[in-house]
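Below you'll find the structure, written out as structure tokens, and then a few comments.
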Amino acid sequence: MKHALSASKAGATIAKIATKARVKARYSLGMDAKMTLPMAHLLPTRMMDLALR
């Protein structure tokens, strides 16, 4: 996979997120997740969760 995020970078990002006092419902990690961001701005969180299943 050319655009895959390495496990160490993903782990570091997740660890940083886990230590925050206030977290968002969704974060994007990697190029494939960034392509879904425009859709995430248009749909409510629950509908986005259903769309990603």
Side-chain angles (χ1 to χ4, degrees):
M1 291 191 269
K2 286 184 181 180
H3 302 292
L5 186 65
S6 71
S8 61
K9 285 185 180 181
T13 302
I14 292 169
K16 191 185 311 183
I17 292 167
T19 59
K20 289 186 175 188
R22 301 186 84 177
V23 296
K24 296 186 283 187
R26 184 174 290 104
Y27 290 86
S28 69
L29 294 175
M31 289 300 293
D32 57 342
K34 289 186 190 320
M35 289 187 279
T36 62
L37 284 179
M39 187 171 52
H41 287 290
L42 298 173
L43 296 174
T45 302
R46 287 184 181 181
M47 289 186 76
M48 188 67 184
D49 290 341
L50 289 173
L52 293 175
R53 285 187 178 193

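Heads up: numbering here begins at 1 and tracks the sequence. Quick caveat: nothing in here was measured; it's all calculated off a predicted structure.
Remark: Met47 pairs with Leu43, Pro44 by the side chain to side chain contact (heavy atoms under 4.5 Å, CB included) rule, at least two apart or across chains. Applying the side chain to side chain contact (heavy atoms under 4.5 Å, CB included) criterion to Lys24, with sequence neighbours excluded, gives Tyr27. Here Ile14 pairs with Leu29 under the side chain to side chain contact (heavy atoms under 4.5 Å, CB included) rule; sequence neighbours left out. Here Ser8 pairs with Ser6 under the side chain to side chain contact (heavy atoms under 4.5 Å, CB included) rule; sequence neighbours left out.
Other cluster members for Leu50: none, since no ILVMFWY side-chain heavy atom sits under 4.5 Å from it.
Within the structure, the salt bridge (Lys or Arg N to Asp or Glu O under 4.0 Å) test picks out no pair touching residues 4-19 (sequence neighbours left out).
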